[in-house]
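Everything below concerns the one structure shown next.
Below, all heavy atoms of this structure are taken into account, side chains as well, without hydrogens, waters or symmetry copies. Every chain is numbered from 1 and lettered A, B, ... according to where its sequence line falls, protein lines coming before strand lines. All of these numbers come straight from a predicted model, not from anything done at the bench.
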Amino acid sequence: MLKPCIYACLIAVVALSFTGLLSGPDSHMKRMHKLIDRYHNGQAVTWSPLQGDAWLLTDETGQALGRIDYREVASCAFGGCATTVGMSLASADMIHYMVLRDAEGARVEQVYVLAYESSYGFQIVSRSWLNQFNGLLPGEVEIDDQVDGISGATVSVKALIQDINQLPTVQ
Amino acid sequence: MKHLLLTASITLSASAIAQTNTYSNTASKILSTNESLSLRGYGELIYNQKMDASTMRNGKLDARRFILFTGYKFDEKTQFLSEIEVEHANEIYLEQAFIQHRISSRLNFRAGLMLIPMGLVNEYHEPTTFHGVERPNVDKYLIPSTWREMGVGFQGVMPELNLAYQAYLINGLKSHDGSQGLFDEVNGVRSGRQKAIKSTMSSPNVTAKVNFVGIPHLNLGLGLFAGKSQSQLFDGVGRLDAFAATQADSSTVGMTMVAMDARYHRKRFQARAQWVHSLFSGTEAYNAYTGKELGSLMTGSYVEMAYQVLPKSSRYTLYPFSRLEWYDTQAGEGNYFDNPSSNRFEWTTGLSFFLHDGVVLKADYQMMGSTQQINMGLGVWF
């Protein structure tokens with residue numbers, strides 16, 4: 001009895017998944033708004049676009065609340081790797097993430113991974129690991145000193161640290 | 001988002017290219033040529049030297065495995081991956097060959113020849129990902145690494161829940177090849193791997209794994225594999241032939257396998273632990289028919305610790321490590337004669353010296369019952 005049920009469920013899920021009903025619009029923007037709303041406890045926040053995929057957040061009085069950068073960085077290609085040297089970017093799986101910084105657009109307040117394409121190194125989505133970036137200044141983040149390595153996710157850890165270190169600084 | 005990215009790429013491209021990016025970002029991705037093929041690989045060369053007070057033992061130098069890894073990204077949603085393996089310099093295998101199609105950012109469809117997601121080493125078996133020249137024996141006899149079968153299923157990462165999951169409907173281990181039983185009380189289920197070599201299926205199995213990273217410094221995994229083993233004897237049995245059907249049924253066992261694993265990493269300290277518990281049903285009929293001595297349980301664990309000792313200023317990393325393993329491939333109830341060599345306790349200690357994240361030199365000493373062995377190895381992954 002169990003077997004026919006498993007098969008029926010599997011076929012149903014496969015069929016459903018290709019109709020697009022399960023996926024919905026794959027919008028990072030929607031997710032980013034949700035995360036920011038939650039971060040500011042539902043307070044009304046205005047998003048003003050800055051250069052690049054970045055936004056300045058202000059409250060109703062026009063007071064700056066913070067800055068958001070949406071980023072994508074290459075991790076390994078499908079199947080994992082120990083190094084990305086010589087890897088073509090078109091074959092890479094990407095980490096989609098956003099960084100929320102303070103009102104001055106300087107120190108990191110929170111890093112959110114929006115989507116992780118690869119199956120290797122997914123451990124970096126860990127909330128407690130990402131929290132290690134809080135309060136750090138981009139350009140000054142160092143592995144081991146401020147942010148721990150993760151066994152099995154070396155490439156993704158280093159990719160994320162390097163990309164956060166390259167976040168544009170505010171003039 | 002798409003056109004925002006494009007504007008971003010134009011504005012950022014200058015700075016992105018000026019810095020030499022090892023970990024390139026989208027900006028440079030859009031500008032790079034469309035090379036969707038990835039060609040990568042890993043390999044390990046191993047020297048084993050048994051030590052014996054009373055008997056002379058030759059050393060063994062083995063080009064254990066070399067793997068060529070090809071991936072192709074057809075578009076942003078559809079990818080193919082294959083691993084072609086040469087073992088012992090003269091045996092060719094296909095280790096993985098499957099497609100992945102992204103349905104949403106949290107749901108991928110997979111089909112083909114895939115690794116069974118049980119334990120730590122089966123999925124992450126590249127030599128730079130584990131300490132010790134030889135893989136842990138729990139990952140050899142209880143989880144028959146590298147264990148792969150053909151199937152279909154789903155995989156995904158849910159960042160907000162701190163977890164990754166996989167679930168597949170997949171072919172299982174073969175317990176009878178038509179002339180003899182393949183599971184036994186010392187080698188466990190290792191001989192039952194079909195490796196997709198004209199593999200036979202009499203009853204599909206299911207496997208699933210969840211990895212959770214919500215606890216600081218910890219990565220926890222829980223894997224399950226369940227179903228009836230496969231037997232060649234069902235093929236050609238008449239639908240009304242109750243005797244032959246019963247006989248074929250006796251050549252299979254029911255398997256429910258649970259594997260729990262944990263990896264801890266904090267600063268320079270690494271630890272990992274694994275527990276595998278395989279429950280078997282129908283072993284009495286199997287033993288009676290095949291003459292094997294299976295119990296209703298195979299169980300085992302290991303614990304390993306490592307510490308990076310070189311200063312941060314060094315370009316190298318060096319990990320002394322130690323691992324304890326205890327496992328029993330013949331336990332539980334049943335009509336078997338107790339084989340004392342099924343119950344093992346092993347200790348491995350040694351060094352992993354990384355010249356680079358992708359190149360490791362290993363040396364260790366193993367005590368396995370009365371056998372003692374020195375191993376040295378060279379592992380690469382690129």
Side-chain angles (χ1 to χ4, degrees), chain A residues 6-7 10 13-14 17-18 22-24 26-29 51-53 70-74 77-92 94 96 112-117 119-120 122-123 125-129 144-145 148-152 154-155 158-159 162-163 166 168, chain B residues 1 4-5 7-8 11-12 19 22-26 28-29 32-38 40 69 71 73 79 81 83 96 100 102-107 109 124 126 128-129 154-155 157 159 162 164 169 206 211 213-217 219 263 265-268 270 272 312 356-358 381-382:
Chain A
I6 292 173
Y7 291 148
L10 202 92
V13 174
V14 173
S17 57
F18 287 102
L22 284 179
S23 55
D26 210 328
S27 161
H28 295 320
M29 204 60 197
Q51 199 179 45
D53 275 340
Y70 169 82
R71 308 281 289 183
E72 289 180 15
V73 63
F78 193 33
C81 62
T83 166
T84 54
V85 173
M87 190 177 74
S88 90
L89 276 164
S91 68
M94 305 302 281
H96 307 247
Y112 299 94
V113 174
L114 303 166
Y116 192 84
E117 290 183 2
S119 46
Y120 273 70
F122 87 95
Q123 292 89 335
V125 307
S126 163
R127 181 73 268 153
S128 55
W129 185 78
D144 286 349
D145 291 344
D148 279 334
I150 305 176
S151 312
T154 314
V155 169
K158 290 185 176 175
Q162 186 176 318
D163 201 54
Q166 287 176 359
Chain B
M1 187 56 66
L4 276 169
L5 284 181
T7 30
T11 51
L12 288 177
Q19 294 146 339
T22 325
Y23 305 102
S24 313
N25 54 29
T26 316
S28 42
K29 181 177 181 177
S32 72
T33 52
N34 183 29
E35 291 165 349
S36 302
L37 176 73
S38 68
R40 313 194 72 84
F69 209 99
K73 201 164 183 173
Q79 310 198 55
L81 176 75
E83 267 191 63
Q96 299 188 63
Q100 173 173 299
R102 188 154 81 239
I103 292 161
S104 82
S105 62
R106 273 112 180 97
L107 182 70
F109 169 76
Y124 303 101
E126 295 80 4
T128 57
T129 63
F154 297 95
Q155 177 271 344
V157 176
N162 296 293
L169 181 67
V206 288
N211 272 87
V213 289
I215 302 167
H217 312 289
N219 177 5
R263 275 177 284 180
H265 188 149
R266 185 167 197 176
K267 306 287 177 201
R268 291 158 168 269
Q270 294 179 354
R272 48 167 66 185
K312 223 194 146 201
H356 180 275
D357 284 344
W381 185 22
F382 58 88

* To do: Against chain B, work out which of A:Ser128, A:Cys81, A:Ala115 has the most heavy-atom pairs shorter than 4.5 Å and name it.
  => A:Cys81

* Asked: Do you know which of B:Gln155, B:Lys312, B:Arg266 has the most heavy-atom pairs with chain A at a distance under 4.5 angstrom?
  -> B:Lys312

* Pick from B:Gly358, B:Pro216, B:Gly71 with the largest number of heavy-atom pairs that fall under 4.5 Å of chain A -> B:Pro216

* List the steps and the verdict of side chain to side chain contact (heavy atoms under 4.5 Å, CB included) for B:Val213 and A:Trp129. => CA-CA 9 Å; B:Val213 289; A:Trp129 185 78; over 6 Å; no

Is [X] in contact with chain A via its backbone, its side chain, both, or neither, using a 4.5 Å heavy-atom distance?
{"X": "B:Glu126", "value": "side chain"}
{"X": "B:Gln79", "value": "both"}
{"X": "B:Arg263", "value": "side chain"}
{"X": "B:Thr129", "value": "neither"}

* Specify the closest pair of heavy atoms between B:Asn162 and A:Ser126, including all atoms of both residues, with the distance to one decimal. => OD1-CA, 3.3 Å

* Asked: Can you name the closest pair of heavy atoms from B:Asn219 and A:Phe122 and give their distance?
  -> OD1-CZ, 4.4 Å

* Taking side chain as C-beta onward, heavy atoms only, is B:Val157 less than 4.5 Å from A:Val125? -> yes

* Side-chain heavy-atom pair A:Gln123, B:His265 within 4.5 angstrom cut-off -> no

* Return the orientation label for the A:Tyr120 and B:Trp381 ring planes: parallel under 30°, perpendicular over 60°, tilted otherwise. => tilted

* To do: Could you tell me whether a side-chain N or O of B:Lys267 sits under 3.5 Å from a main-chain N or O of A:Asp144, the two making a donor and an acceptor?
  => yes

